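Because the structure is a prediction, the values reported are computed rather than measured.
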Amino acid sequence: MEEPQGFFSTGDGCVGDTVTERCLVESKEPVSHVQLACGLWFCAFPLDGNELCVWSTKDPSYQPLILRGHRQPITAVTFGNTVSPLLICSASQDYVMLWSLDECRQKVLLGLTPRGLVLGTLLGKALYLRLSPDDRAAAVCAGNKIFMLDTESRSTLAVLEGHRGPVTAAEFCPWQTHIIISVSEDRSFKVWDHHAGSPLYSSAVLTASPLLSLLVDEKSKQLVAGCADGQLWVFSLVERHHYRCVTRVDLKKKRETFSRRVESRLCSLPVLFLEENRRPRAHGLEKGEDMEGSLPVLSLAPCDLSLLLSSECGCLPSESAPCLWVGSSAGLLVLNLANFELEGVLRYKDFRSLSIQVAGSCAMMSKAGEQKAICLLTSLFGGQIAVLEIRLAALVRSRQGLGAGRSLSVLPRGCVLSTSPLHFRIAEEHRTPPAPQRRSAVRSTVQDQPLVFHSKVRSSGYATAPHVTMFSPKTNTRNNGDSPSRRRSSHGCKEYPLESSPPTRLHKQRVLAHGPAAALCVQFSGDGRWLACGLANHLSLVFRADLTGTPAVFSGHDGAVSTVCWSHDGRWLLSTSLDGTPRVWSLRRAELVLCVGRDLFPKPIQSAQFYYLDAFILCSSGPELQLLKCHIDTSKDEIRRYKQKSRCRPVFRLPTAGPTEITSLSAVNDFYSYLVLTAGRDKTVEVFDLNAGRSAAVIAEAHSRPVHQICQNKGSSFTTQRYQVYNLFATTATGDGIKLWDLRTLRCERRFEGHPNHGYPCGIAFSPCGRYVASGAEDRHAYVYELGSSTFSHRLAGHTDTVAGVAFSPSAPQRERDRTCEQGRGRERGERESQAASALSTELDAGLRPATLGSRPEPRSRVGCSTDRVPQAPLFLMLSVLSHI
């Protein structure tokens with residue numbers, strides 16, 4: 001057998017530490033737009049039109065195997081899935097042939113001409129081939145039909161018809177082998193049962209460009225379709241999801257974002273590291289370079305980065321996300337299917353020594369456990385065929401290079417420094433008792449003295465003057481078990497179930513406001529007994545957790561209440577408003593105990609919360625993070641009762657890295673933690689270490705739009721999670737979904753985009769068990785996501801407007817939902833009461849009129865109930881907001 005002319009191995013001819021051109025072939029016929037095959041040990045491609053060339057990637061010294069039998073040019077090649085015997089299938093307009101590589105190799109060694117089995121004849125121009133997982137059936141995509149051929153009897157099993165354009169790709173479902181999925185130039189995909197020869201599902205038209213490639217990922221159970229305009233469509237193949245769309249990825253925008261992130265990271269690296277990574281540069285775009293108009297997705301293939309991500313990022317191996325290769329005419333991309341971010345980018349133009357700069361077809365393969373990948377390329381404008389070897393570690397190094405978050409953890413790893421602003425708390429704990437306590441101690445030691453001036457006459461007993469204790473506070477009042485410690489211990493006798501199922505049924509509804517007043521925020525107290533809501537009519541309401549009884553009304557703000565926050569002991573409620581003034585309320589007395597004036601801050605307060613076990617109050621004022629030390633005193637002066645004795649003073653402030661204002665902040669208050677997370681209008685997320693008193697890390701372009709909420713996985717006092725899980729936090733931005741981050745690596749680990757949120761900032765919340773993330777949406781539903789899945793697990797209905805806030809109860813294994821409706825929605829009562837009996841609903845619309853401080857309005861209720869008992873699920877609450885507010 002002759003060696004093909006123009007075939008050579010470059011061996012040591014490296015063009016960089018990222019990619020090596022292993023071999024190059026010159027074909028007499030053009031080979032662009034041809035399906036190529038790349039397997040674990042071999043790669044196969046058409047040569048000189050009707051010849052099939054098989055080249056060993058394991059041992060390049062082996063002589064290439066040339067298989068002849070086709071009379072027309074070969075248009076599609078694929079390998080089988082079984083190891084022994086290893087099969088290869090090729091197709092042209094005249095034949096569809098099946099070859100056994102072991103038999104062909106033996107015949108070549110004996111000097112014989114290898115022959116293949118003809119499975120089908122004159123089927124038309126085949127654009128794609130695929131063998132079933134057991135290699136017993138072959139799917140041939142020719143025209144707008146899919147021919148199912150039996151590889152053993154060499155007969156036609158079925159002909160699948162239904163596409164209105166040429167079928168460009170088809171894949172078997174790995175866990176349901178009787179199902180095959182196809183994409184076509186008619187811009188849709190179809191799901192078939194090839195045993196029955198009938199379609200199971202047909203999608204709508206997805207895009208304006210033809211669909212070119214297809215991949216079915218078994219690990220994530222997702223379908224990925226690539227189209228000619230550089231878009232990736234991801235669908236869920238879970239049975240109960242009904243082929244719902246998970247997300248749509250714009251590869252051009254993803255590559256631009258990837259380039260900007262890499263450049264921003266390289267700017268902060270040492271000079272030696274910069275020079276090392278610039279020879280050659282395998283990432284990003286140089287200034288002044290032209291950019292491609294689109295990135296047509298020519299092929300898709302699985303990519304295993306579990307070892308690299310677990311070793312370089314510190315992630316657990318079980319949490320490694322599936323990745324895929326995306327081959328285009330301009331380069332190769334590695335996409336993470338969990339967060340839908342690029343892990344690596346390889347542009348052919350960045351390596352000028354590569355023989356092929358614009359690809360017409362490509363095929364990729366990376367073996368599990370290895371750090372090298374093989375890419376087979378054909379030129380778009382000629383007959384060149386090249387085999388590239390890619391080092392995965394070097395390709396993803398620009399993405400993982402910094403590792404800035406490895407030293408960060410929510411749990412403290414050391415003692416408080418003497419220079420830390422948090423040391424203020426320790427100094428006060430060791431301070432001597434204040435003067436009033438010392439005076440009371442002196443009074444208690446006053447002895448009985450005689451009233452006369454000589455000591456021989458005993459006192460009549462009047463020496464203990466009653467005025468000494470006349471104005472002392474009462475100590476014999478009944479407590480009735482209302483102290484915070486007793487409330488928490490009595491209520492927290494049962495631990496929250498970590499394996500509880502997400503909420504699925506409606507338990508109770510209650511209208512918060514009478515009139516056009518939107519509910520903006522909601523939060524449960526730490527013991528799970530109380531629920532606080534902030535309204536747009538300047539009021540804050542506190543309910544019992546079961547939504548029974550009359551709520552306590554807190555009034556005093558001059559603007560809509562934007563955030564509410566409970567103290568750790570459950571005694572105080574902190575609220576912020578659009579008027580820029582944080583206020584602290586007493587739950588027991590239902591009154592204001594502290595109002596932080598505007599004169600303490602250069603700009604109005606946007607958000608605030610209790611911090612460091614209620615020792616401080618964190619506030620965001622413009623581009624600054626403020627740390628306040630407060631002393632709350634609820635006692636009243638008998639003469640000047642209007643004057644509050646509570647006081648507050650700033651003890652520390654930190655500016656952000658950018659000049660824009662902080663839109664949201666988050667910190668743990670249930671235990672001592674030094675880290676504070678903030679988000680700014682410049683789309684960045686910044687981590688502050690208050691023990692060191694400085695900024696610890698900055699995540700540039702965390703979202704494509706400004707983040708409006710940061711939510712940490714704080715758990716609750718009724719649950720015990722693994723300590724690594726506390727380092728997870730989520731961010732959300734209008735129009736950009738939810739991102740799940742790991743504080744240790746500062747990486748986006750997963751992305752959730754199934755809920756519509758394009759104009760209104762909808763809130764998010766973690767479940768106490770740490771397994772779910774809930775979000776509001778603009779389609780009048782709440783969405784619940786599992787952290788291990790990119791699509792929502794449940795879609796909860798019942799509202800009539802945008803769901804603005806969600807909250808999980810920290811203690812109770814039940815579920816509830818709140819709603820806010822406009823006046824005159826009585827026509828909807830019958831619709832909600834006519835729901836299925838299995839979804840028990842008890843609705844109570846409380847019409848609340850604006851009231852003075854401490855007033856308790858009378859509710860106007862309407863109840864529709866059922867006698868069925870609701871299955872227990874995590875207590876979950878939703879708020880609905882009026883669209884015109």
Apply side chain to side chain donor-acceptor pair (under 3.5 Å) to the pair Gln712 and Ser666, showing each step before the final yes or no. CA-CA 7 Å; Gln712 290 180 264; Ser666 178; 2.8 Å; yes

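- For the pair Gln606 (side chain) and Glu661 (backbone), a donor-acceptor distance under 3.5 Å is absent.
- Between Cys762 and Thr802, some side-chain heavy-atom pair lies under the 4.5 Å cut-off.
- Legend: salt bridge (charged side-chain N to carboxylate O under 4.0 Å, His left out) pairs involving residues 574-587, not counting sequence neighbours: none detected.
- Atom CG of Asn727 is separated from atom CD of Glu749 by 11.0 Å, given to the nearest 0.5 angstrom.
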Go through the steps for Arg544 and Trp530 under the test side chain to side chain contact (heavy atoms under 4.5 Å, CB included), then give the verdict. CA-CA 5 Å; Arg544 294 184 181 273; Trp530 305 101; 3.8 Å; yes

How far apart are the C-alpha atoms of Val803 and His781, what are their side-chain angles, what is the distance that settles it, and do they pass the side chain to side chain contact (heavy atoms under 4.5 Å, CB included) test? CA-CA 6 Å; Val803 180; His781 291 80; 5.7 Å; no

Test side chain to side chain contact (heavy atoms under 4.5 Å, CB included) applied to Arg571 and Leu587, step by step: CA-CA 6 Å; Arg571 299 171 58 192; Leu587 176 63; over 6 Å; no

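- Listed here is the closest heavy atom pair of Arg681 and Pro706: O-CG, 3.5 Å.
- The heavy-atom pair separating Ser575 from Val564 by the smallest distance is CB-CG1, 4.3 Å.
- Rounding to the nearest 0.5 Å places SG of Cys619 at 4.5 Å from CG of Leu628.
- Inter-residue side-chain proximity for Thr731 and Gln709 is flagged as unmet; no heavy-atom pair is nearer than 4.5 Å.
- Classified by interplanar angle (parallel below 30°, tilted 30° to 60°, perpendicular above 60°), the ring pair Tyr611/Phe616 is tilted.
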Assess the residue pair Phe729 and Asn713 against the criterion (side chain to side chain contact (heavy atoms under 4.5 Å, CB included)); give the C-alpha distance rounded to whole Å, side-chain angles, the decisive distance to 0.1 Å, and a yes or no. CA-CA 6 Å; Phe729 68 96; Asn713 179 30; over 6 Å; no

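- Contacts of Asp682 classified as salt bridge (charged side-chain N to carboxylate O under 4.0 Å, His left out), with partners at least two apart in sequence or in another chain: none.
- Annotation: the span from Asp742 atom CG to Leu728 atom CG amounts to 5.5 Å, rounded to 0.5 Å.
- Using modelled atom types, one side-chain atom of Ser793 and one backbone atom of Val784 make a donor-acceptor pair closer than 3.5 Å.
- Residue pairs meeting the salt bridge (charged side-chain N to carboxylate O under 4.0 Å, His left out) criterion with at least one member in residues 776-794, sequence neighbours excluded, are Asp779-Arg795.
- Side-chain contact, Glu686 with Thr656: no donor N or O sits under 3.5 Å from an acceptor N or O.
- The closest donor-acceptor contact from the side chain of Ser525 to the backbone of Gly570 lies at 3.5 Å or more, if one exists at all.
- Listed for the Lys603 side chain is no donor-acceptor partner under 3.5 Å among the backbone atoms of Ser621.
- For Lys254, the salt bridge (charged side-chain N to carboxylate O under 4.0 Å, His left out) partners at least two apart in sequence or on another chain are Glu341.
- Atoms CZ and OG1, on Arg598 and Thr581 in that order, are 6.0 Å from each other to the nearest 0.5 Å.
- Results of the side chain to side chain contact (heavy atoms under 4.5 Å, CB included) test with Phe543 over Thr550, Leu512, Thr548 single out Leu512 as the only residue that passes.
- Ion pairing between a basic and an acidic side chain is recognised when a charged N comes within 4.0 Å of a carboxylate O; Arg510 and Asp546 show no such pairing.
- Put simply, the side chain of Leu618 reaches to within 4.5 Å of the side chain of Leu665, judged on heavy atoms.
- With sequence neighbours excluded, no residue forms a salt bridge (charged side-chain N to carboxylate O under 4.0 Å, His left out) with Arg244.
- When all heavy atoms are compared, the tightest approach of Ser586 to Phe554 is O-CE2, 3.7 Å.
- What you find for Gly526 and Pro810 is that their closest heavy atoms are O-CG, 3.6 Å.
- Judged by distance alone, the side chains of Ser620 and Ser607 do bring a donor and an acceptor atom under 3.5 Å apart.
- Nearest heavy atom pair, residue Ala545 against residue Gly528, reads CB-O, 3.1 Å.
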In sequence, state the C-alpha distance, the side-chain angles, and the governing distance for Arg750 and Ser790, and then conclude on side chain to side chain donor-acceptor pair (under 3.5 Å). CA-CA 7 Å; Arg750 192 164 291 275; Ser790 297; 3.0 Å; yes

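- Contact annotation: the side chain of Phe610 approaches that of Ile617 to within less than 4.5 Å [non-hydrogen atoms, C-beta and beyond].
- Distance check, rounded to the nearest 0.5 Å: CD1 of Ile710 to OG of Ser664 gives 5.0 Å.
- Side-chain contact between Val542 and Trp566 is present, with heavy atoms from C-beta onward closer than 4.5 Å.
- The main-chain N or O of Val410 is found under 3.5 Å from a side-chain atom of Ser673 such that the two form a donor-acceptor pair.
- Of the inter-residue distances, the one linking Ser562 atom OG with Leu578 atom CG reads 5.5 Å to the nearest 0.5 angstrom.
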With side chain to side chain donor-acceptor pair (under 3.5 Å) as the test, would you mind laying out the steps for His241 and Thr791 before giving the verdict? CA-CA 9 Å; His241 292 172; Thr791 184; 4.8 Å; no

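- Between the side chain of Tyr785 and the backbone N or O of Gly754 there is at least one donor-acceptor pair closer than 3.5 Å.
- Contact check for Ser717 versus Asp670: no side-chain heavy atoms found under the 4.5 Å cut-off.
- With hydrogens and angles disregarded, a donor-acceptor distance shorter than 3.5 Å links the side chain of Asn669 to the backbone of Tyr612.
- Put simply, the side chain of Gln523 reaches to within 4.5 Å of the side chain of Cys565, judged on heavy atoms.
- Between Leu520 and Val561, every side-chain heavy-atom pair lies at or beyond the 4.5 Å cut-off.
- Minimum heavy-atom separation, Glu624 to Pro602: OE1-CG, 4.0 Å.
- Residue pairs meeting the salt bridge (charged side-chain N to carboxylate O under 4.0 Å, His left out) criterion with at least one member in residues 707-719: none, sequence neighbours excluded.
- Note: Tyr783 and His755 have tilted aromatic rings, judged against thresholds of 30 and 60 degrees for the angle between ring planes.
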